[in-house]
Amino acid sequence: MSDHMKRLAAPRSWPLKRKVNVFVAKQTAGAHSIEESMPAVTVLRDMIGACDTAKEAKRIIGNREMIVDGKAVKSPKAPVGFMDIVQVPKMNLTYRMLLTDKGKLTLVPVDEAEAAWEICKIENKTIVKGGKFQLNLSGGRNIVLDKNDYKCGDSLKVAFDGQAIQGHYPMQAGACVLIRFGSQAGAVRSVKAIETVRGPAENRILFTDGTETVASNCIVIGADKPEIKLPEASE
């Protein structure tokens with residue numbers, strides 16, 4: 001696989017100027033898809049503006065001065081994706097990677113308290129050795145629990161320190177959701193009802209504003225209001 005891609009071929013979710021240069025770095029395989037993440041070197045240079053060149057960004061990363069989800073980034077092409085907390089401690093910078101209402105990746109400044117956790121969607125569950133339940137979460141996280149207390153499609157507020165569960169947000173009427181994929185990507189909606197579809201098709205989520213989408217496009221970000229700081233609406 002190529003280590004770079006042409007800027008014109010980069011995912012439309014990447015907030016890049018397309019004709020400044022021919023190529024852009026391509027992230028390595030990781031917890032996020034190519035549409036929902038960008039390589040660390042590009043995030044530092046093009047989104048944060050912490051440096052002017054890729055060489056300078058690589059030096060910052062090599063010195064372990066870029067922190068993602070509480071851990072130092074080791075590779076310039078490590079994927080930094082949706083809901084990740086990005087920090088550059090020496091510059092006193094802390095952000096969360098989210099989507100704008102236009103479906104573009106963006107960095108939202110957050111305080112130190114919010115930088116200690118992220119919201120993860122329960123993608124699926126498996127039973128592991130000892131009869132325990134493993135929750136497979138968005139963002140590549142896994143949590144093993146003794147009890148089967150949570151449902152697929154719900155969201156958990158997970159601390160980076162020890163992966164402690166600090167909150168639970170069910171996918172139900174009244175829940176606040178962020179749409180991650182599709183034509184409404186980046187929109188925040190309130191759930192009116194969940195329409196169960198029999199057969200192989202996905203359940204549909206109906207919103208109070210009259211729109212709808214499939215369940216896999218959504219992540220619950222609060223019981224009735226957002227628990228995270230959101231990007232400012234674009235004009």
Side-chain angles (χ1 to χ4, degrees), residues 1-120 138-141 158-161 178 180-181 185-186 219 228-232 234:
M1 295 179 64
S2 173
D3 289 336
H4 287 71
M5 72 174 78
K6 289 190 175 181
R7 282 185 173 238
L8 290 174
R12 305 313 299 176
S13 59
W14 290 23
L16 297 177
K17 294 181 179 179
R18 304 285 162 168
K19 298 182 180 180
V20 173
N21 293 302
V22 176
F23 293 100
V24 66
K26 182 179 180 181
Q27 70 268 57
T28 54
H32 301 281
S33 68
I34 189 171
E35 292 81 10
E36 279 199 303
S37 65
M38 296 176 67
V41 63
T42 307
V43 172
L44 267 180
R45 182 190 62 193
D46 296 87
M47 297 187 72
I48 296 178
C51 53
D52 296 323
T53 66
K55 184 177 181 180
E56 293 172 351
K58 290 177 181 178
R59 185 179 297 117
I60 293 172
I61 294 170
N63 291 335
R64 304 295 189 265
E65 295 173 8
M66 182 182 185
I67 310 297
V68 175
D69 291 351
K71 296 181 180 179
V73 176
K74 298 180 180 179
S75 168
K77 294 182 179 178
V80 180
F82 177 77
M83 204 62 73
D84 284 348
I85 291 292
V86 184
Q87 296 174 293
V88 186
K90 285 193 173 182
M91 301 180 71
N92 197 29
L93 298 174
T94 303
Y95 302 95
R96 187 186 298 280
M97 181 80 85
L98 289 172
L99 294 172
T100 68
D101 55 2
K102 303 297 183 183
K104 300 281 188 181
L105 290 169
T106 188
L107 293 173
V108 179
V110 297
D111 57 29
E112 289 299 319
E114 188 171 331
W117 51 267
E118 69 177 345
I119 291 179
C120 302
S138 59
R141 294 182 179 277
V158 181
F160 299 132
D161 184 10
L178 172 63
R180 297 167 60 186
F181 308 108
I219 178 172
I228 56 176
K229 184 179 178 182
L230 297 172
E232 295 183 0
S234 58

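Scope of the values below: all heavy atoms of this structure, side chains included, with no hydrogens, waters or symmetry mates. We're numbering straight along the sequence, starting at 1.
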At their closest point, which heavy atom of Ile219 faces which heavy atom of Ser138, and how far apart are they? CD1-OG, 4.4 Å

Arg141 versus Glu118, closest heavy-atom pair with distance: NE-OE2, 2.6 Å

In terms of heavy-atom contacts, Phe160 and Trp117 come closest through CE1-N, 3.6 Å

Could you tell me which residues satisfy side-chain hydrogen bond (donor to acceptor under 3.5 Å, both in side chains) with Asp69, sequence neighbours excluded, listed by chain and number? none

Taking side-chain contact (heavy atoms from CB on, under 4.5 Å) as the definition, give me every residue that meets it alongside Arg18, ordered by chain and number, with sequence neighbours left out. Leu8, Ala10, Arg12, Trp14, Lys104

For Asn63, which residues count as a side-chain contact (heavy atoms from CB on, under 4.5 Å) partner, sequence neighbours excluded? Arg59, Glu65

Which residue pairs pass the salt bridge (Lys or Arg N to Asp or Glu O under 4.0 Å) test with at least one member in residues 31-58, sequence neighbours excluded? Arg7-Asp46, Glu36-Arg180

What do the steps show when you test Met47 against Val80 for side chain to side chain contact (heavy atoms under 4.5 Å, CB included), and what is the final call? CA-CA 11 Å; Met47 297 187 72; Val80 180; over 6 Å; no

Listed partners of Leu99 passing side-chain contact (heavy atoms from CB on, under 4.5 Å), at least two apart: Phe82, Leu105

Under the side-chain contact (heavy atoms from CB on, under 4.5 Å) rule, collect the residues that match up with Asp111, sequence neighbours excluded. Ala113, Glu114

Which residues share a side-chain hydrogen bond (donor to acceptor under 3.5 Å, both in side chains) with Ser37, sequence neighbours left out: Gln27

Residue list, side-chain hydrogen bond (donor to acceptor under 3.5 Å, both in side chains) with Thr94, at least two apart or on another chain: Glu112

Could you give the distance from CG (Asp84) to CG (Leu107), rounded to the nearest 0.5 Å? 10.0 Å

So do Thr106 and Pro15 actually touch side chain to side chain, heavy atoms under 4.5 Å? no

Distance-minimising heavy-atom pair for Val73 and Ala78: CG1-CB, 3.9 Å

On a heavy-atom basis, which atom in Ile60 and which in Ala50 lie closest, and how many Å separate them? CD1-O, 4.3 Å

Would you say Met5 and Ile34 make side-chain contact, with heavy atoms under 4.5 Å? yes

Side chains of Leu98 and Met83: does their closest heavy-atom pair fall under 4.5 Å? yes

Taking every heavy atom of Ala25 against every heavy atom of Pro39, the minimum-distance pair comes out as O-CG, 3.5 Å

Any non-hydrogen side-chain atom of Met38 less than 4.5 Å from a side-chain atom of Val24? no

I would like to know whether Leu16 and Thr42 meet side chain to side chain contact (heavy atoms under 4.5 Å, CB included); could you show each step before the answer? CA-CA 9 Å; Leu16 297 177; Thr42 307; 3.9 Å; yes

How long is the gap from CD1 on Ile67 to CG on Leu93, to the nearest 0.5 Å? 12.5 Å

